[in-house]
Amino acid sequence: SQTIHQWPATLVQPVGSPLSLECTVEGTSNPNLYWYRQAAGRGLQLLFYSVGIGQISSEVPQNLSASRPQDRQFILSSKKLLLSDSGFYLCAWSGVGASNQPQHFGDGTRLSIL
Amino acid sequence: RKEVEQDPGPFNVPEGATVAFNCTYSNSASQSFFWYRQDCRKEPKLLMSVYSSGNEDGRFTAQLNRASQYISLLIRDSKLSDSATYLCVVNFGTSYGKLTFGQGTILTVHP
């Protein structure tokens, strides 16, 4: 069966520091991968999606970037964090034929910027 | 108008009650529909897909009305463990499977 791993679970970082969040998927090949952010009390906002290795699309302009160095690995990064980057970051995957498939989420990373 | 709009809630119901959530979506070309459940400070989890003919999974029944662009979720015989936020989710037909999430409806089931 497919599983998705995301780490770390919680992270406290100072303003201006770099960020790297990692997500890996097991048990499937060539998944679509997604990064979301959920601010406190708000809905999910899609940040990036990837349909293949090295293919990254951004949904909203921001202080973050994403990379997909391997088929089942998706990384969210920032060179300098802002206070507004605080939130709950979720990685998700969906299978081939993604236009009608649900997405499955990792446990999430709760990021606090001080 | 929001792309996916849900009842704001919160809903507070006693155990054993039947509760229904509604959701409307703006894009008539939408292709697929889901209900997710999100517990406090946890990730969303797929509750069920919503099919055109309606579908049932135990105590949960989902309905889709494409003409009215309306989705519903019915929960029968509510349990304490059903307390969560319920997210209405729509795929508007993008090739990369983008899902648009409603803001969610909070359900609290009390003894």
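Because only heavy atoms are used, hydrogens play no part in the values below, and waters and symmetry mates are left out as well, while side chains stay in. Here is how names work: the chains are called A, B, and so on, in the same order as the sequence lines, proteins then strands, and each is numbered from 1.
- Of the inter-residue distances, the one linking Q101(A) atom CD with F34(B) atom CZ reads 7.5 Å to the nearest 0.5 angstrom.
- In this structure, Y36(B) contributes its side chain and Q103(A) its backbone to a donor-acceptor pair below 3.5 Å.
- Residue F105(A) holds its CZ atom at 15.5 Å from NZ of K42(B), rounded to the nearest 0.5 Å.
- A 6.0 Å sphere centred on CZ of R42(A) holds no more than 12 heavy atoms belonging to other residues, nucleotides or ligands.
- Annotation: Y70(B), atom OH; neighbour count of heavy atoms from other residues, nucleotides and ligands within 6.0 Å is above 12.
- Q6(A) and E43(B) share no donor-acceptor pair across their side chains, judged by distance under 3.5 Å alone.
- In this structure a side-chain-to-backbone donor-acceptor pair under 3.5 Å is missing from R41(B) to R110(A).
- Within the 4.5 Å cutoff, no side-chain heavy atoms of P102(A) are placed close to those of V89(B).
- With chain A as partner, the option from L46(B), L99(B), T100(B) having the largest number of non-hydrogen pairs under 4.5 angstrom is L99(B).
- Hydrophobic clustering places F33(B) together with L47(B) (ILVMFWY residues linked when any side-chain heavy atoms are closer than 4.5 Å, directly or through intermediates).
- Under the 4.5 Å side-chain heavy-atom criterion for ILVMFWY residues, no single connected hydrophobic cluster contains both F48(A) and L44(A).
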Test side chain to side chain contact (heavy atoms under 4.5 Å, CB included) applied to H104(A) and K45(B), step by step: CA-CA 7 Å; H104(A) 305 278; K45(B) 291 185 178 177; over 6 Å; no
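- Of the atoms belonging to Q38(A), it is side-chain heavy atoms, and not backbone ones, that fall under 4.5 Å from chain B.
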